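It should be emphasised that the depicted structure is a prediction, and the values quoted were computed from it without experimental measurement.
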Amino acid sequence: MKPPLQQPIKNSIVKVIALHEQERDIIRQAAENNRHAQQKIYNKYAPKMLGVCRQYIKDLHQAEDIMITAFMKVFTNLRNFEHKGSFEGWIRRIMVNECISCLRVQKKTGFLEDEFYVEDTFNNIESHFSVEDIQTLIDNLPDGYKMVFNLYAIEGYKHQEIAEMLGISEGTSKSQLSHARKMLQEQVNKFKNYENGTE
């Protein structure tokens, strides 16, 4: 009987540890204003973070400007990253907060103080649409709806957290999500009817 093959597993663990240590070293260097290390971080995460900003900001050029501003805050605050969670998640939170701040300054987000909401069932649209189509549907939402929908459905925040972030009540957060889902479902139904030739 042959002994179990444990060498590949051991090699994988060693690689993961090595990559983790390498990332820690790059973060440390970037925190010390090493431009090469900062560029490495930017090159690695910028494409994904532009996508994050684009979820909140309809204009691509403005989303890119916000992303760059947020990266400046990332590099300024690198010493505050405690390596207790995902580095990518830490960067993502900064991106989201910068988008929210920008929309607030531009006064583009209005929240109806509506405590009424319905726990509805929202059909999964991923199987019917491309990523670009889904983004277009979300872009069509009013900014308040879009912000709450993104924070809840994409970022995974709870309503209490969203309420604190946006300075609204928990009930308003729930109602904004409910309205956003309803509006998205209406858009999906309209698209399906158009495809089926019933509209």
Side-chain angles (χ1 to χ4, degrees), residues 45-70 85-86 88-199:
Y45 294 107
K48 189 175 286 187
M49 294 307 139
L50 179 59
V52 171
C53 293
R54 179 63 186 81
Q55 288 166 3
Y56 295 84
I57 310 297
K58 190 172 185 177
D59 182 78
L60 180 60
H61 296 295
Q62 187 184 5
E64 191 170 11
D65 288 342
I66 290 171
M67 179 196 72
I68 291 169
T69 302
S86 158
E88 181 180 321
W90 183 78
I91 294 175
R92 189 182 184 105
R93 281 192 294 275
I94 293 174
M95 295 289 157
V96 170
N97 287 333
E98 189 63 26
C99 290
I100 291 172
S101 296
C102 180
L103 289 169
R104 274 181 166 172
V105 167
Q106 295 176 352
K107 295 182 178 177
K108 283 195 170 182
T109 48
F111 299 100
L112 294 172
E113 289 299 322
D114 178 7
E115 298 287 337
F116 176 78
Y117 64 95
V118 179
E119 290 290 350
D120 50 6
T121 54
F122 178 63
N123 294 333
N124 191 337
I125 60 175
E126 291 181 14
S127 58
H128 300 289
F129 296 96
S130 67
V131 173
E132 291 78 13
D133 289 336
I134 293 171
Q135 184 61 62
T136 300
L137 292 176
I138 294 173
D139 280 340
N140 289 334
L141 295 173
D143 287 308
Y145 292 4
K146 178 166 66 176
M147 190 179 291
V148 172
F149 180 84
N150 283 334
L151 289 171
Y152 184 88
I154 298 174
E155 306 298 336
Y157 287 103
K158 292 180 170 38
H159 284 296
Q160 184 179 353
E161 295 171 311
I162 295 170
E164 290 172 2
M165 290 170 72
L166 302 181
I168 58 178
S169 70
E170 195 172 334
T172 297
S173 177
K174 290 177 179 178
S175 72
Q176 296 285 300
L177 177 65
S178 177
H179 292 314
R181 283 175 164 170
K182 183 180 177 183
M183 193 170 176
L184 282 171
Q185 192 66 63
E186 286 172 353
Q187 290 187 72
V188 170
N189 292 341
K190 191 174 182 180
F191 184 84
K192 285 181 180 177
N193 290 339
Y194 178 79
E195 274 193 329
N196 296 333
T198 57
E199 185 172 292

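Sparse packing is recorded around CD of Q160, with 12 or fewer heavy atoms of other residues, nucleotides or ligands lying under 6.0 Å away.
Not counting sequence neighbours, the partners of A46 by the side-chain contact (heavy atoms from CB on, under 4.5 Å) test are Y42, M67, F71. Every residue meeting the ring-ring contact (aromatic ring centres under 6.0 Å, His included) condition with Y152, not counting sequence neighbours, appears here in chain and number order: H159.
In this structure, R54 and E64 have side chains that are not in contact, with every pair of non-hydrogen atoms separated by 4.5 Å or more. With contacts defined as side-chain heavy-atom distances shorter than 4.5 Å, the pair M147/L141 does not qualify. Within the 4.5 Å cutoff, the side chain of N97 has heavy atoms near those of the M165 side chain. The side-chain heavy atoms of L60 and L50, taken from C-beta on, include a pair separated by under 4.5 Å. Counting heavy atoms from C-beta on, the side chains of P142 and M183 come closer than 4.5 Å. Side-chain contact between L151 and I100: present, with at least one pair of heavy atoms (C-beta onward) separated by less than 4.5 Å.
For the pair V148 and S173, the tightest heavy-atom approach, listed with the atom from each and the gap, is CG1-O, 3.4 Å. Shown here for Q55 and N150, the closest heavy-atom pair between the two residues is O-ND2, 2.8 Å. Of all the heavy atoms in M95 and A70, the pair that sits closest is SD-CB, 3.4 Å. Across all their heavy atoms, L137 and Q187 have their closest contact at O-NE2, 3.2 Å. Summarising the geometry of C53 relative to C99, their closest heavy-atom pair is CA-SG, 3.7 Å, with the distance given to 0.1 Å. Nearest heavy atoms, A63 versus I57: N-CG2, 3.8 Å.
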Give the intermediate values and the outcome of side chain to side chain contact (heavy atoms under 4.5 Å, CB included) for residues F149 and L184.
CA-CA 10 Å; F149 180 84; L184 282 171; 3.6 Å; yes
Report the C-alpha separation of Y145 and N140 in whole Å, then their side-chain angles, then the decisive distance to 0.1 Å, and conclude whether the side chain to side chain contact (heavy atoms under 4.5 Å, CB included) test is met.
CA-CA 10 Å; Y145 292 4; N140 289 334; over 6 Å; no
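Judged purely by atom type and a 3.5 angstrom limit, S175 uses its side chain to pair as donor or acceptor with the backbone of T172. Looking at T69, its side chain does come within 3.5 Å of a backbone N or O of D65 through a donor-acceptor pair.
With rounding to the nearest 0.5 angstrom, the CD atom of Q176 is 6.0 Å from the CD1 atom of I168.
Screening residues 146-169 for salt bridge (Lys or Arg N to Asp or Glu O under 4.0 Å), with sequence neighbours left out, gives R92-E155, D139-K146, D143-K146.
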